[in-house]
Peer 1: 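Sharing a structure with you now.
In this chain, residues are counted from 1 in sequence order.
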Amino acid sequence: MDYSINNISYKYSSDGPLVLDNVSLTIPEGSVTAVVGPTGSGKTTLVEVLSGVIPKLISNGELSGEINLGENPVIGVVSQTPENQLFGYGVEDAIAFGVENMGVPEEEISSRIEYVLDLLNLQFLRKRSVAALSGGQRQAVCIASALVMNPNILIMDEPVSSLDPNGKRLIQNVLRQLRADNTTVLIVDNNLDWSVNVVDRVAGMLDGKFIYNGSKEDFIKDESLQKQLGVMIPQEAEIYHAVSKFCPDLAPFYNYDHAVDELDRFFTPVSASSEAAASASDANAILTTHQLNKIFNDGFQGLKDINVSIQEGRVIAIMGQNGSGKTTLLKHLNGLLKPTSGDVRYRGNSTLPLSVAKISKNVILVFQHPEHMLFEQTTAQEVSFAARMQGVTYTDEDVKNILATYNMADDAEVFPVNLPMGKKHLLTILSVLLSTADVVMLDEPTLGMDAFIRSELRSIITNLREQGKSVILISHEIPFVFGVADEAIILDKSVKLFEGTKEELSRRDDIFETIQISLPPVVRLSRRYGFPHICYTVDDFAAEAERMFSGKEADRS
């Protein structure tokens, strides 16, 4: 059977605006459908309606319309905030919580837990405390807690935002298996980059309405629709749109193998270059670690002999798979964690004797999940929070200018917790701009952000660097990282594998093979076709490709 919603309208209060406006959607059984749309378009509210949170738990709003999900459907939901869905001290307890409440016999519960632990490669975490897991590992456990219920409808709200590339590939394989088992999956996520190869259909929301419902192929071809909805697509598809403007015979593609097949018709592959890359910055280090080791109470070693040097006025990306030690390193840099041995120094002086509050005047961390940093009653008050805590002088005009610059002026009086996830995350970053810190650390800052808000994030990072501040960035969005970073630190299994410039890293295929992460398509393709310099953005790639293409056309004439 097909599932459907018909003429659904919803407002959170009788005098509030319509968040869903006469929405209708048919969801084929056993299909994988992606629901996309900009922040605030109504996607998460739709999840709450489909899952029954509205009106069973949120009951003070007004809901109308018809929902047809069959008789007694088992609906599994993967929340965009894992902390809101994980109950219990240990991993096994968290996975079992939902299915235990369904009254499933204990023997079957054990069998189901073994199945999902194997399916998601989580056996090594089963005895760990949930609190000790990395953000990506918690997200994987959250997915396991939904799958163990054997849902016939699985709703996933930004399910892989904290997962590393290996984790995303694993979830792709899980989705293929679910589809083969006739499980219906709804992915609510504005990032099609990771899911495009498993999605069957795309439904696009704008202002509480669906403005598109069709095949993924037609959606990927429609560049104007993608931009209107603020959707992130695979970088290969971005390359297609850019290059097809001057190469009209180019056929559409949205993965690397198809990109190579098509671009090889117009550009000649060359042997890989081994020329020396630019040397690292000679600027003085502002923040350093020295033989940093961290062993947690459960015996897990989070860091092993880590030596890093953060240069002033640079953007440094920290990359690696989930559990490699990235967030653990950041928490040592801002004092939230103290090392088992080793030292952290700011401008040559050890920070180990200092409190987190004292360190934050120089080194400040924006957490992966914005709820951990929202304290005030209004968005405007939140922007000035760090400044007030540090005794920094500011004016109301300063706050207004920040909100206006990053398109949040209309949200000035909104209760921060009520903002959509992408805006919550942007707000936590805006809240440190008035602080005294000259090292700003961002842990997975793209979480929940549509393409519009990601553009604001790029602007913030650029502005901080132009002010001479250092930005340390953790992100699994590799094309985004290569577009904004100057330097990189690679961690793997708690050990540092690499530290150097982006240019050096872009030629280290061995590093990426070790950590099982792919270089961005623009890097790989610009190397493949022997461009004069390695490209890190689609605009740079298109400019170089157009010059090369025009030269070949001129030679033919």
Side-chain angles (χ1 to χ4, degrees), residues 131-135 279-368 372 386 389-390 432 435-444 464-465 468-474 485-501 504-505 511 515:
L133 302 181
S134 71
S279 60
S281 168
D282 292 327
N284 293 328
I286 188 172
L287 191 64
T288 56
T289 68
H290 304 267
Q291 294 297 114
L292 204 63
N293 286 276
K294 178 63 178 180
I295 301 175
F296 290 96
N297 291 336
D298 62 1
F300 176 75
Q301 184 156 7
L303 297 174
K304 299 177 184 177
D305 297 326
I306 300 296
N307 297 292
V308 298
S309 180
I310 305 303
Q311 306 298 320
E312 196 163 10
R314 305 284 280 174
V315 178
I316 298 95
I318 302 180
M319 293 185 283
Q321 299 286 3
N322 288 135
S324 59
K326 303 183 300 298
T327 298
T328 300
L329 176 57
L330 289 197
K331 288 182 177 180
H332 279 80
L333 297 181
N334 87 321
L336 277 173
L337 293 176
K338 299 297 183 184
T340 305
S341 63
D343 197 10
V344 179
R345 298 172 193 167
Y346 172 78
R347 298 193 185 277
N349 297 314
S350 176
T351 64
L352 298 190
L354 305 179
S355 67
V356 174
K358 184 73 172 177
I359 295 172
S360 71
K361 292 186 176 181
N362 302 310
V363 182
I364 199 163
L365 170 62
V366 177
F367 292 108
Q368 183 173 1
H372 298 170
M389 293 302 100
Q390 294 179 348
V432 306
S435 76
T436 58
D438 47 18
V439 179
V440 177
M441 303 190 295
L442 308 176
D443 193 355
E444 294 289 354
L464 288 170
R465 177 171 50 192
K469 298 191 176 187
S470 303
V471 179
I472 304 175
L473 168 72
I474 289 179
D486 302 306
E487 300 170 8
I489 295 167
I490 307 294
L491 299 181
D492 185 54
K493 299 181 178 67
S494 308
V495 175
K496 186 186 79 173
L497 293 186
F498 174 88
E499 182 178 13
T501 67
E504 292 169 326
L505 181 61
I511 293 289
I515 63 176

Peer 1: Name the one of I318, L365, I310, I316 that satisfies side-chain contact (heavy atoms from CB on, under 4.5 Å) with M441?
Peer 2: L365

Peer 1: Under a 4.0 Å threshold between the charged nitrogen and the carboxylate oxygen, would R347 count as salt-bridged to D438?
Peer 2: yes

Peer 1: Would you indicate whether the side-chain heavy atoms of I472 and L442 approach each other to under 4.5 Å?
Peer 2: no

Peer 1: Going by the side-chain contact (heavy atoms from CB on, under 4.5 Å) test, name the single residue among L354, T351, L329 that passes it with V344.
Peer 2: T351

Peer 1: Got a donor-acceptor contact below 3.5 angstrom from the T436 side chain to the K361 backbone?
Peer 2: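 Yes; at least one donor-acceptor contact below 3.5 Å.
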
Peer 1: Look at the side chain of S494 and the backbone N and O of G325, then say whether any donor-acceptor pair between them is shorter than 3.5 Å.
Peer 2: no

Peer 1: Taking C-beta and beyond as the side chain, do L505 and I511 meet within less than 4.5 Å on heavy atoms?
Peer 2: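 The answer is yes, as the side chains (C-beta and beyond) meet within the 4.5 Å cut-off.
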
Peer 1: So, D492 and S324: side-chain donor and acceptor under 3.5 Å apart, yes or no?
Peer 2: no

Peer 1: Is I474 close to T327 at the side-chain level, that is, under 4.5 Å between some pair of heavy atoms?
Peer 2: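 In short, these two side chains touch, coming nearer than 4.5 Å.
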
Peer 1: Pair E499, S309 - check side chain to side chain contact (heavy atoms under 4.5 Å, CB included), show working.
Peer 2: CA-CA 8 Å; E499 182 178 13; S309 180; 3.9 Å; yes

Peer 1: If you define the side chain from C-beta out and look only at heavy atoms, does anything of Q390 sit under 4.5 Å from S360?
Peer 2: yes

Peer 1: Do I286 and Y346 come close enough that some side-chain heavy atom pair is under 4.5 Å?
Peer 2: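 In contact.
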
Peer 1: Strictly distance-based, threshold 3.5 Å: is any side-chain N or O of H332 a donor or acceptor partner for the main-chain N or O of T328?
Peer 2: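 Judged by distance alone, yes, a pair lies under 3.5 Å.
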
Peer 1: Look at the side chain of T501 and the backbone N and O of E504, then say whether any donor-acceptor pair between them is shorter than 3.5 Å.
Peer 2: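 Flag set: sc T501 to bb E504 pair under 3.5 Å.
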
Peer 1: Would you say D443 and F367 make side-chain contact, with heavy atoms under 4.5 Å?
Peer 2: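 No, too far: nothing below the 4.5 Å cut-off.
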
Peer 1: Write down the atom of V363, the atom of A437, and the distance for their closest heavy-atom approach.
Peer 2: N-CB, 4.1 Å

Peer 1: Other residues, nucleotides and ligands only: do more than 12 of their heavy atoms fall within 6.0 Å of NZ on K331?
Peer 2: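 Check fails, neighbour count at 12 or below.
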
Peer 1: So, are R465 and D486 salt-bridged, with charged N and O less than 4.0 Å apart?
Peer 2: yes

Peer 1: Check for a donor-acceptor pair, side chain of N293 on one end and backbone N or O of D305 on the other, with a separation under 3.5 Å.
Peer 2: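 At least one qualifying donor-acceptor pair exists.
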
Peer 1: Starting at CE of M319, measure out to CG of L473 and round the result to the nearest 0.5 Å.
Peer 2: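 Taking CE in M319 and CG in L473, the distance rounds to 9.0 Å.
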
Peer 1: Do the non-hydrogen side-chain atoms of I490 and K496 ever get within less than 4.5 Å of each other?
Peer 2: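 With C-beta onward as the side chain, the pair stays apart.
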
Peer 1: Kindly compute the distance separating CD (Q311) from OG (S470), expressed to the nearest 0.5 Å.
Peer 2: 8.0 Å

Peer 1: How about L352 and P339: do any of their side-chain heavy atoms sit closer than 4.5 Å?
Peer 2: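 Yes, their side chains come closer than 4.5 Å.
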
Peer 1: In this structure, are over 12 heavy atoms from other groups packed under 6.0 Å from D298 atom CG?
Peer 2: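 More than 12 heavy atoms, drawn from other residues, nucleotides or ligands, come within 6.0 Å of this atom.
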
Peer 1: How close do V432 and A386 get, heavy atom to heavy atom, and via which atoms?
Peer 2: CA-CB, 4.4 Å

Peer 1: Any idea which heavy atoms bring H290 and N307 closest together, and the distance?
Peer 2: CA-OD1, 3.2 Å

Peer 1: Test your reading of the model: is there a side-chain donor-acceptor pair from T289 to the backbone of L292, 3.5 Å cut-off?
Peer 2: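 No: the side chain of T289 does not pair with the backbone of L292.
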
Peer 1: Within a 6.0 Å radius of atom NZ on K338, are there more than 12 heavy atoms belonging to other residues, nucleotides or ligands?
Peer 2: yes

Peer 1: Show, in sequence, the C-alpha distance, side-chain angles and deciding distance for I306 and L491, and conclude whether the side chain to side chain contact (heavy atoms under 4.5 Å, CB included) test is met.
Peer 2: CA-CA 9 Å; I306 300 296; L491 299 181; 4.0 Å; yes

Peer 1: Please report the interatomic distance CG(D343) to OG1(T288), rounded to the nearest 0.5 Å.
Peer 2: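 D343 CG to T288 OG1: 7.5 Å, rounded to 0.5 Å.
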
Peer 1: Would you find a donor on one side and an acceptor on the other, under 3.5 Å apart, between the side chain of Q321 and the backbone of I515?
Peer 2: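 Yes; at least one donor-acceptor contact below 3.5 Å.
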
